[in-house]
Number of protein chains: 2
Amino acid sequence: MIAKDSLPVSIKAVAARAGVSIATVSRVINGVANKASAETIARVRKAAAELDYRPISAGRALRNRQTHMVAVLASNLANPTMTAIATSAEAALRRAGFVMVLCDTHDTADLQDEYLREMRARQAHAIVLLGAVDSAQLRAVASSDMRIVFVNRRHPLGWQSSFIGIDNAAAAVELADTCMENGYRRVAIVHASKASSATQERVDAMCARFRERGRSVSANMILTADSTDHLRIGLESGLRLSGRRAPDAVVAMSDLIAFGVHRALAEAGVATFPRIFGFDDNPLNDWIAPWLSSVRIPYSDFGPAIVDAVRDELSAGRARTRILPHTLVLREGRRDPAGTDRR
Amino acid sequence: MIAKDSLPVSIKAVAARAGVSIATVSRVINGVANKASAETIARVRKAAAELDYRPISAGRALRNRQTHMVAVLASNLANPTMTAIATSAEAALRRAGFVMVLCDTHDTADLQDEYLREMRARQAHAIVLLGAVDSAQLRAVASSDMRIVFVNRRHPLGWQSSFIGIDNAAAAVELADTCMENGYRRVAIVHASKASSATQERVDAMCARFRERGRSVSANMILTADSTDHLRIGLESGLRLSGRRAPDAVVAMSDLIAFGVHRALAEAGVATFPRIFGFDDNPLNDWIAPWLSSVRIPYSDFGPAIVDAVRDELSAGRARTRILPHTLVLREGRRDPAGTDRR
DNA sequence: CCCTCCAGGGAAAACGTTTTCCCTCATTTT
DNA sequence: AAAATGAGGGAAAACGTTTTCCCTGGAGGG
């Protein structure tokens, strides 16, 4: 086997080896019909294969003014659910011929802006905002031709835009109903910032449902904490909760929050453990959180949906909303450290 | 506020607006000294700011034959530890002026090859192999000038190369010693494919240590399963384990494997629960796996180390090995579903 | 007063593609 | 037999940068 040239092989090299012009090579590579004889095609293919040629993407990008690159801007990669969605996106994008660049905005406008600008400069094919936050560039970008897809959280300003997510209100209603059917009378709600449309929708829908069924929702049963770290929010809220008369159930607006609550209650050594509900259904729950019931987001459906959205935005559709089906996963596993399950 | 041009603003526009040539704009943007008067610099800066100009990266890439893009090829993004490292890498790379493209090779040679070729075509600044597998392109790429950094797993063929990871042998010895100090006489070892240098080193070092201290290591206490899914490996091994006389301790070569083992034992309803050890120390362990002791990999140190490696490879160093410090995190939390902790 | 040198800045080449023209034959149609 | 058509393929422009030359004017030194 011959050692490869250390300098990258360009279309010129292939053309020379095949004895044709670079135009012909380009056309063969791109499968342009009726522009080369079968014999020429074969010769070019052979030369390309022998040299292990692959077009440098910078040249293509310059000419075509677009790369086959999709940027995923996630608000928090420490959240396993985000990475699960990103993982699904990666696979689907690869199958569709894209590569994924993954960015963590840490839920800040500054970082999101920085990345939006960077991705514009890199001519990303599309940008997926996995948990968008309001920011200057986000507004500016609306007037450009940039393809943007919102996932989980809608546009912070409510502007019309492509969206992928679950029906948060419906899921919240299901949770409320489940609580009432199980006879839980004292239900605590723990949530992160309501700047997130998802959180807002969930909390609002739950409260509305309770009231609709004639239950009052006391304000001090709705807890939150000033942080972007869901674990911490859960922990702090859980500690505050453990100081009072115990609730029958706790509904956390994300699994991470639920983890925090659970830990707080466990460490506080509460006597009776409440039923705990979450959102997302972390892929690991079956394995390590058998005490957690959760609204499962269909991670693996997100990838394909994102690819669809990216393609749609390209053609015409613009601003389609895709609601993916969620499932309420009820788990009955041990719920407290002492093993004194109440059922 | 004026609506932005929908067509991207190029260096030409800035030059026109500032009344200078594009050469000057380029030099000002790139901070080339002694090539522009203070006044000119100010004018160019102003024009660039007003147009919100940022150089299209394709142009740069073409000219400079390199992008500021680092590809991270992970063997399994479903593993939270991998994503934790990737997350750390993302942050560090961003601070260093790079963007990260994240790829999942699913531990297959085909996908790794496909991505290696793709990233060569995209002129990635460097490639980080987070769990490399042997593949044709991996061998081919050695003779090119591509910068490659191996993380966690060394080069599958043992070739000299940049490496970042922990001292697996030392950690394994610590684990073995801990087991012996605690008086665990029947210790089971569960591992994934030994094609991974990390796994190999861990298992070998543990066995060696046991023998060194005069303990025999019976083959039927070393379990594995034919899968790349660590959870499944753990589950299957755990089920086999639960059919026999219970071990005092189980050492899993990754936390995911440990999760699988734990679930198997819990579902099998074993009477006495063994102490369980893992590797990686999943960031969520403190919250949801208080029964798991684990060798903590310093995730957040990986990002900076990767950036260093990427820079080193550039200049001269080539093939430096960076061993990051691990910690054995011992947890004493409830270990079994029935709460009958043995201590 | 002449020469040298330097700061400041422009023209143009080069990077690797894709695609639009254009040209040349050979074949078919009138 | 002349004309139209079409297949096959090449030359060159264009995409947006960076950087190498080159030019000009003025300051400093002899």
Side-chain angles (χ1 to χ4, degrees), chain A residues 5 7-45 47-48 51-69 118 120-125 145, chain B residues 5-45 47-48 51-69 117-118 120-125 145:
Chain A
D5 273 336
L7 22 158
V9 26
S10 80
I11 198 173
K12 243 180 286 186
V14 180
R17 179 176 259 255
V20 297
S21 74
I22 62 169
T24 299
V25 174
S26 175
R27 287 190 280 244
V28 170
I29 298 285
N30 294 333
V32 177
N34 286 340
K35 290 299 281 183
S37 67
E39 182 210 5
T40 305
I41 293 181
R43 236 180 28 248
V44 170
R45 290 252 171 79
L51 295 176
D52 196 18
Y53 169 69
R54 181 175 271 212
I56 296 288
S57 66
R60 288 195 133 141
L62 203 51
R63 178 64 217 222
N64 303 340
R65 15 182 46 94
Q66 63 120 317
T67 62
H68 271 58
M69 186 173 88
E118 177 69 26
R120 183 159 59 90
R122 287 187 184 262
Q123 300 173 103
H125 186 91
D145 57 347
Chain B
D5 273 336
S6 81
L7 22 158
V9 26
S10 79
I11 198 173
K12 243 180 286 187
V14 180
R17 180 176 258 255
V20 297
S21 73
I22 62 167
T24 299
V25 175
S26 175
R27 288 189 280 245
V28 169
I29 299 286
N30 295 332
V32 177
N34 286 340
K35 290 300 278 182
S37 67
E39 182 210 4
T40 305
I41 292 181
R43 237 182 24 249
V44 171
R45 289 251 171 80
L51 295 175
D52 197 18
Y53 169 69
R54 182 174 271 212
I56 297 289
S57 66
R60 287 194 134 143
L62 203 51
R63 179 65 219 218
N64 302 339
R65 6 180 58 89
Q66 63 121 316
T67 61
H68 272 57
M69 184 173 90
R117 286 170 53 84
E118 177 70 25
R120 183 157 61 89
R122 287 188 183 262
Q123 300 173 100
H125 186 91
D145 58 348

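What you see is a predicted model, and the numbers here were worked out from it, not measured in a lab. Here is the naming used below: chain letters follow the sequence lines, and residue numbers restart at 1 for every chain.
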Q: Looking only at non-hydrogen atoms, find the nearest pair between B/Val14 and B/Val44 and report the distance.
A: CG1-O, 4.2 Å
Q. By a strict heavy-atom criterion of less than 4.0 Å, which residues belonging to residues 55-62 of chain A are in contact with DNA chain C?
A. A/Pro55, A/Ile56, A/Gly59, A/Arg60, A/Leu62
Q) Quick one: side chain to side chain contact (heavy atoms under 4.5 Å, CB included) partners of A/Ala58, sequence neighbours excluded? A) A/Ile56, B/Ala61, B/Leu62, B/Gln123
Q. Bend across the helix from C/dC1-D/dG30 to C/dT30-D/dA1, to 10°, with axes taken over 5 pairs at each end?
A. 50°
Q) Taking all non-hydrogen atoms of both residues, which atom of B/Ala18 and which atom of B/Ala47 are closest, and how far apart? A) CB-CB, 3.9 Å
(Q) Tell me the closest heavy-atom pair linking B/His68 and A/Arg122, and the distance in Å. (A) O-NH2, 2.8 Å
Q | Sequence-distant partners of B/Arg65, salt bridge (charged side-chain N to carboxylate O under 4.0 Å, His left out), two or more places apart | A | none
Q. Got a sec, which residues hit side chain to side chain contact (heavy atoms under 4.5 Å, CB included) with A/Ile11, two or more places apart in sequence or on another chain?
A. A/Ile22, A/Val25, A/Ser26, A/Tyr53
Q | Minimum heavy-atom distance A/Thr40-A/Thr24, with the two atoms named | A | CG2-CG2, 3.9 Å
Q.
Taking salt bridge (charged side-chain N to carboxylate O under 4.0 Å, His left out) as the definition, give me every residue that meets it alongside B/Arg27, ordered by chain and number, with sequence neighbours left out.
A. none
Q | Which residues share a salt bridge (charged side-chain N to carboxylate O under 4.0 Å, His left out) with B/Arg117, sequence neighbours left out | A | A/Asp52
Taking only nitrogen or oxygen atoms into account, show me every contact under 3.5 Å that the protein makes with nucleotides 4-9 of chain D, one pair per line with its distance.
{"from": "D/dG9", "atom 1": "OP1", "to": "A/Thr40", "atom 2": "OG1", "distance (Å)": "2.7"}
{"from": "D/dG9", "atom 1": "OP2", "to": "A/Ser37", "atom 2": "N", "distance (Å)": "2.7"}
{"from": "D/dG9", "atom 1": "OP2", "to": "A/Thr40", "atom 2": "OG1", "distance (Å)": "3.1"}
{"from": "D/dG9", "atom 1": "N7", "to": "A/Lys35", "atom 2": "NZ", "distance (Å)": "2.9"}
{"from": "D/dG9", "atom 1": "O6", "to": "A/Lys35", "atom 2": "NZ", "distance (Å)": "2.3"}

(Q) I need the A/Met69 CE to B/Met69 CE distance, nearest 0.5 Å. (A) 7.0 Å
Q: Nearest-nucleotide wise, let me know which of B/Gln123 and B/Ile22 is further upstream toward the 5' end of DNA chain C.
A: B/Ile22
Q: Could you list the residues that satisfy salt bridge (charged side-chain N to carboxylate O under 4.0 Å, His left out) with A/Arg43, not counting sequence neighbours?
A: A/Glu39
Q) What are the bounds, 5' to 3', of the part of DNA chain C that sits under 4.0 Å from heavy atoms of chain A? A) C/dG16 to C/dT20
(Q) Going by the rule side-chain hydrogen bond (donor to acceptor under 3.5 Å, both in side chains), which residues pair with A/Asn30 if we only count those two or more places apart in sequence or in a different chain? (A) A/Arg60
**Q.** Whichever of A/Arg63 and B/Ala23 has its nearest DNA chain C nucleotide further upstream toward 5'
**A.** B/Ala23
Protein-nucleotides 23-29 of chain D N/O pairs under 3.5 Å:
none

Q) Just checking B/Ser26: base, sugar-phosphate only, or nothing, at a heavy-atom cut-off of under 4.0 Å? A) base
